[in-house]
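Written out below as structure tokens is the structure these notes cover.
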Amino acid sequence: MNHTIVDGMKKGGKPFRNMTIVAFVLFALTFFYPHVNNKSYLDKEVLIMFTAFLMYGLFSLYCWLYAATYSVEFNESKILLKTLFRKVEINLCDIETYTCARYRKSVFYQFHFFVNGKKVLVNTRFKQELENILTNHNIKQVMK
């Protein structure tokens, strides 16, 4: 029974994609706002709009890219976590203990693995499958 389970957040990133599009469209339209209202680009109101729409767009772009690149693969021997900025491979024999909790009201469960004194966070929908693998390797769950 050495099958691999793959989980990701691509569908969870769709609202952030839409927010990114709206924010950058509003940012682009802000360039026309001073011409329509006879204001300068250095006006305080215009600068606040530029900054707010740009920050809103950059934050939603980050969330969208993070959700699109997040991937968890696990099987009987290891867990492979890929995020926007890092790639972590955890051997199940290195895990000392773990905790599990549901993330707010979403479908994701957060597993905190304690590996060689470090804490690694993994989000997945497949709680039961991952817990079965962990109990097969005699890894104990710690309650918070």
Side-chain angles (χ1 to χ4, degrees), residues 2-92 94-135 137 139-144:
N2 197 9
H3 63 281
T4 301
I5 298 174
V6 179
D7 192 12
M9 292 187 186
K10 283 196 178 196
K11 289 185 180 179
K14 285 185 180 181
F16 292 112
R17 180 197 62 197
N18 298 338
M19 287 173 34
T20 302
I21 292 169
V22 168
F24 283 122
V25 166
L26 289 173
F27 178 72
L29 290 175
T30 307
F31 284 104
F32 298 112
Y33 179 77
H35 296 293
V36 173
N37 293 324
N38 294 327
K39 292 187 178 187
S40 170
Y41 283 113
L42 298 176
D43 189 40
K44 185 177 179 181
E45 181 181 342
V46 175
L47 288 176
I48 290 173
M49 287 173 53
F50 275 135
T51 306
F53 291 140
L54 181 64
M55 297 306 291
Y56 182 63
L58 290 175
F59 178 73
S60 59
L61 179 66
Y62 166 75
C63 293
W64 176 33
L65 290 175
Y66 190 87
T69 58
Y70 190 89
S71 174
V72 176
E73 298 177 22
F74 56 91
N75 58 20
E76 290 292 329
S77 62
K78 66 181 177 180
I79 299 171
L80 182 64
L81 173 66
K82 296 178 190 174
T83 64
L84 184 60
F85 296 112
R86 66 184 187 152
K87 184 177 179 181
V88 178
E89 185 174 325
I90 305 169
N91 292 323
L92 289 177
D94 294 338
I95 298 175
E96 299 161 0
T97 58
Y98 73 96
T99 63
C100 177
R102 188 170 185 168
Y103 181 69
R104 298 184 184 172
K105 293 182 180 181
S106 72
V107 296
F108 288 101
Y109 289 90
Q110 289 187 328
F111 284 87
H112 293 273
F113 296 117
F114 297 96
V115 181
N116 300 328
K118 293 184 179 179
K119 187 176 179 181
V120 179
L121 174 67
V122 174
N123 295 312
T124 184
R125 292 179 185 88
F126 300 102
K127 176 188 178 202
Q128 194 63 41
E129 290 85 352
L130 187 55
E131 281 186 339
N132 289 340
I133 291 172
L134 293 170
T135 54
H137 286 286
I139 301 170
K140 302 293 181 195
Q141 181 178 7
V142 178
M143 298 295 170
K144 287 186 177 182

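Within the 4.5 Å cutoff, the side chain of Asn116 has heavy atoms near those of the Glu96 side chain. Looking at Leu130 and Ile79, their side chains come closer than 4.5 Å, going by heavy atoms from C-beta outward. Phe126 places none of its side-chain heavy atoms less than 4.5 Å from the side chain of Val72. Residues Thr135 and Gln141 fail the side-chain proximity criterion, which asks for heavy atoms closer than 4.5 Å. Proximity of Arg86 to Val88: side-chain heavy atoms (C-beta onward) are separated by under 4.5 Å at one or more points. Side-chain contact between Val115 and Tyr98: absent, with no pair of heavy atoms (C-beta onward) separated by less than 4.5 Å. Put simply, the side chain of Thr69 does not reach to within 4.5 Å of the side chain of Phe85, judged on heavy atoms.
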Problem - Verdict with reasoning, His112 to Gln110, per side-chain contact (heavy atoms from CB on, under 4.5 Å) - result: CA-CA 6 Å; His112 293 273; Gln110 289 187 328; 4.2 Å; yes
Practice task
Begin from the C-alpha positions of Phe114 and Thr99 and carry the test side-chain contact (heavy atoms from CB on, under 4.5 Å) through to its verdict.
Solution key: CA-CA 9 Å; Phe114 297 96; Thr99 63; 4.1 Å; yes
Practice task
Test side-chain contact (heavy atoms from CB on, under 4.5 Å) on Thr124 and Ile5 and set out the steps.
Solution key: CA-CA 10 Å; Thr124 184; Ile5 298 174; over 6 Å; no
Exercise for the section: Apply side-chain contact (heavy atoms from CB on, under 4.5 Å) to the pair Ile95 and Ile90, showing each step before the final yes or no. Expected result: CA-CA 8 Å; Ile95 298 175; Ile90 305 169; 3.7 Å; yes
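Residues Tyr109 and Arg125 approach most closely at CD1-O, 4.3 Å, considering heavy atoms. For Glu76 against Leu92, the heavy-atom pair with the smallest separation is O-CD1, 3.3 Å. Of all non-hydrogen atoms in Cys100 and Lys127, the two that sit nearest each other are SG-CE, 3.8 Å. In plain terms, the two heavy atoms of Ala67 and Gly13 that are nearest each other are CB-CA, 3.7 Å. Taking every heavy atom of both residues into account, Tyr70 and Leu121 meet most closely at OH-O, 4.3 Å. Scanning both residues, Thr20 and Leu61, for their nearest heavy atoms gives OG1-N, 3.2 Å.
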Side-chain donor-acceptor pairs under 3.5 Å in residues 27-37, sequence neighbours left out?
unit_1 : atom_1 : unit_2 : atom_2 : d
Thr30  : OG1    : Leu26  : O      : 2.6
Tyr33  : OH     : Asn37  : ND2    : 3.4
Tyr33  : OH     : Glu45  : OE2    : 2.6
His35  : NE2    : Tyr41  : OH     : 3.0

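At distances below 3.5 Å, not a single donor-acceptor pair connects side-chain atoms of Asn18 with backbone N or O atoms of Ile21.
Between Lys78 atom NZ and Thr4 atom OG1 the span is 8.0 Å, to the nearest 0.5 Å.
Residues meeting the ring pair (Phe, Tyr, Trp, His ring centres under 6.0 Å) test with Phe113, sequence neighbours left out: Phe111.
Atom NZ of Lys14 sits in a sparse spot, with 12 or fewer heavy atoms from other residues, nucleotides or ligands closer than 6.0 Å.
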